[in-house]
Amino acid sequence: MSNMKVRQWQQTSLLCIILILLCFVFFILSCAREEKNIICFSVGGAPNEIDFWEKLVAQFELQSGIKVKILRQPTDTDQRRQGLVVPLRSKKKDPDVFLMDVAWIAQFAASGWLEPLDSYIKEDDLNLDVFFSKVVNLADKYNGELIALPVYVDGGLLYYRKDLLKKYGYDRPPQTWEELLDYSLKIQENERKSNPNFYGFVWQGAQYEGLICNFLEFAGSNRGGITITDNKIFLDTPENRQALQFMYDLIHKYKVSPSNTFTEMREEEVRIFFQQGNALFERNWPYAWALHQNKDSNVRNKVGIAPLPHFPSGRSVSTLGGWHIGISKYSNRKQQSFEFIKFVTSYDTQKKLAIELGWNPARKDVYEDKELLRKLPHFAYLRPVFENAQPRPNLPYYTQISEVMQQYINAALAGKLPVNTALQKAEKEAQKIIERYEKK
């Protein structure tokens with residue numbers, strides 16, 4: 001090969017190498033730009049909920065130019081929580097943004113896993129007044145910082161049989177627990193002549209978190225509940241003893257609640273029991289309304305909803321539930337994640353979540369939407385309930401306190417422990433949890 005051809009070959013080879021390197025650099029830069037514009041969103045729930053989230057994500061991508069990778073989680077709440085704890089504890093960059101049960105927020109915040117949102121809110125001039133203020137102030141703030149925003153709010157409701165109240169001469173649902181008991185005793189006695197399985201009132205009493213939600217509603221409506229002052233917890237109080245005794249008496253003394261209340265009754269067991277036409281009153285979350293109106297429901301068009309009753313000296317209390325959205329402290333796409341939060345909490349998205357999934361909007365203004373009220377008329381009754389909803393203690397170790405309370409309150413309902421003994425033991429063990437954490 002001549003020297004001329006060698007030089008030409010060397011120049012061609014060098015040019016090819018340069019072109020390959022340029023293509024490689026361009027590819028890397030393109031991927032980097034694309035990577036910065038992709039966020040990972042972790043969400044769980046029923047299949048129809050995930051399917052709808054995919055539709056919402058597609059709309060967000062079209063509007064914003066930001067891509068969203070959905071990380072599917074299970075339906076089970078505990079599994080969803082664990083699925084977030086593992087990557088957050090490991091300081092992984094993904095997921096960037098995720099939904100949290102209201103009971104997890106304090107733990108996640110105390111662990112340093114959540115990005116404070118105050119600076120993003122201020123820079124974007126986002127109006128927080130559209131949300132339920134009690135929800136934001138009591139559930140979404142930790143140590144004075146806003147660390148989440150509500151997406152879906154929940155609260156305990158009283159479902160009642162409109163047809164049966166009318167049949168027996170009652171013109172309104174009960175406002176006090178004494179009235180609920182009186183209604184139940186009279187109507188249960190008469191209805192059992194044709195339906196021996198009929199009960200006055202079904203509610204969640206099994207040993208799980210739902211039991212604590214119910215207890216806090218009974219106790220809270222008697223000016224009781226979980227009180228923590230100067231790192232000292234108060235559970236064994238006269239107000240709580242009266243409330244827990246009444247819960248026990250509904251099952252054992254008055255027998256207006258089924259004997260399996262403390263062994264089997266969770267949300268779905270309660271919902272199905274009432275929907276089969278076997279109860280006058282039901283305590284449940286708002287999700288049950290749409291199911292009660294199904295074509296195969298025995299109570300279709302026979303159900304009304306109202307705030308939960310209260311004791312004479314108290315007021316109606318509904319335990320706050322629902323899901324909130326936050327950004328991982330370890331995300332490297334925080335601004336894009338905040339854009340997604342704005343989209344999820346926007347009026348239009350909140351309205352779509354309500355109409356398509358029956359989710360209760362976190363925004364107050366959506367409850368005034370005329371189209372929404374035509375399709376879901378019961379939403380007119382929900383706003384006052386959520387305005388008065390009470391969150392569970394905003395503590396990073398709340399779940400441990402709850403587990404202790406579940407054990408002893410359920411034991412009291414089962415008759416294994418006297419009411420005062422159960423509350424004394426729960427208070428003593430819960431105090432040890434507080435002392436252990438506060439010493440750290």
Side-chain angles (χ1 to χ4, degrees), residues 39 41-66 68 70 97-102 117 120-121 124-136 139-140 146 148-157 284-294 303 305 318 320-327 336-389:
I39 61 172
F41 172 48
S42 182
V43 63
N48 69 307
E49 292 177 328
I50 303 296
D51 291 343
F52 190 69
W53 275 111
E54 289 182 343
K55 294 178 182 178
L56 287 176
V57 160
Q59 181 184 346
F60 171 73
E61 290 178 335
L62 189 63
Q63 291 178 2
S64 66
I66 299 170
V68 179
I70 294 181
V97 60
F98 42 81
L99 293 189
M100 299 171 283
D101 185 280
V102 65
L117 302 179
Y120 300 91
I121 298 289
D124 207 84
D125 197 25
L126 191 66
N127 182 17
L128 295 180
D129 292 338
V130 299
F131 299 101
F132 290 103
S133 59
K134 182 176 285 188
V135 175
V136 172
D140 290 313
L146 183 72
L149 282 176
V151 175
Y152 162 57
V153 293
D154 226 350
L157 298 171
N284 219 325
W285 306 97
Y287 87 96
W289 171 266
L291 296 172
H292 290 333
Q293 302 306 317
N294 282 344
V303 180
I305 57 176
S318 175
L320 177 68
W323 292 85
H324 299 239
I325 192 167
I327 300 173
Q336 292 92 333
S337 297
F338 184 70
E339 292 298 319
F340 185 67
I341 287 181
K342 286 196 299 179
F343 171 79
V344 170
T345 58
S346 68
Y347 186 100
D348 289 343
T349 302
Q350 291 276 292
K351 179 179 175 180
K352 289 175 182 176
L353 286 168
I355 291 176
E356 297 295 331
L357 298 182
W359 283 23
N360 313 308
R363 296 175 63 111
K364 296 180 290 186
D365 49 359
V366 181
Y367 289 86
E368 300 173 1
D369 188 277
K370 292 181 180 179
E371 181 188 5
L372 179 72
L373 292 175
R374 280 197 305 271
K375 295 183 177 182
L376 301 167
H378 69 288
F379 270 47
Y381 302 97
L382 295 181
R383 178 170 171 172
V385 172
F386 298 145
E387 286 176 337
N388 294 315

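Just so you know, these numbers come straight off a predicted model, no measurement behind them. Computed over heavy atoms, backbone and side chain alike; hydrogens, waters and symmetry mates excluded.
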Just say parallel, tilted or perpendicular for the rings of F132 and Y367, cut-offs at 30° and 60°. perpendicular
Q: For the pair W359 and W53, name the ring-plane relationship: parallel under 30°, tilted 30 to 60°, perpendicular over 60°.
A: perpendicular
message: Other residues, nucleotides and ligands only: do more than 12 of their heavy atoms fall within 6.0 Å of CZ on F343?
response: yes
* Carefully, step by step, assess L149 and L126 under the rule side chain to side chain contact (heavy atoms under 4.5 Å, CB included). => CA-CA 12 Å; L149 282 176; L126 191 66; 4.3 Å; yes
Should [X] and [Y] count as side-chain neighbours, where that means a heavy-atom distance under 4.5 Å?
X	Y	answer
V385	I305	no
L157	S318	no
F98	V43	no
F379	P361	yes
D369	Y347	yes

Distance-minimising heavy-atom pair for [X] and [Y]:
X	Y	value
L146	I121	CD2-CG1, 3.9 Å
Q293	V303	NE2-CB, 4.1 Å
I355	L376	CA-CD1, 4.2 Å
W285	G321	CZ3-N, 4.1 Å
G155	P286	O-CD, 3.2 Å
T349	S346	OG1-OG, 3.1 Å

Approximate separation, where rounding is to 0.5 Å, of [X] [atom1] and [Y] [atom2]:
X	Y	atom1	atom2	answer
K342	D124	NZ	CG	3.0 Å
L56	E54	CG	CD	10.5 Å
S133	D140	OG	CG	11.5 Å
F52	E356	CZ	CD	4.5 Å
F338	L117	CZ	CG	6.5 Å

Are any of the side-chain nitrogens in E371 or K351 under 4.0 Å away from the carboxylate oxygens of its partner?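 Salt bridge between E371 and K351, a charged N being under 4.0 Å from a carboxylate O: yes.
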### Message
Looking at E368 and R383, is there a salt bridge between them, counting it only when a charged N and a carboxylate O are closer than 4.0 Å?
### Response
yes
Exercise. Determine, using ring centers only, whether Y152 and Y287 are less than 6.0 Å apart.
Key: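 Y287 vs Y152: aromatic centres not under 6.0 Å.
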Would you confirm whether [X], through its side chain, and [Y], through its main-chain N or O, come within 3.5 Å as a donor-acceptor pair?
X	Y	answer
R363	T345	yes
K364	D129	yes
N360	D154	no

**Asked** Between F60 and Q63, does a side chain to side chain contact (heavy atoms under 4.5 Å, CB included) hold up when you go through it step by step?
**Response** CA-CA 5 Å; F60 171 73; Q63 291 178 2; 5.5 Å; no
Margin query: Checking Q59 against K352 for the side chain to side chain contact (heavy atoms under 4.5 Å, CB included) test, could you report, in this order, the C-alpha distance in whole Å, the side-chain angles of both residues, the deciding distance, and whether it holds?
Written below: CA-CA 12 Å; Q59 181 184 346; K352 289 175 182 176; 2.7 Å; yes
| How far apart are the C-alpha atoms of V102 and H324, what are their side-chain angles, what is the distance that settles it, and do they pass the side chain to side chain contact (heavy atoms under 4.5 Å, CB included) test? | CA-CA 6 Å; V102 65; H324 299 239; 3.7 Å; yes
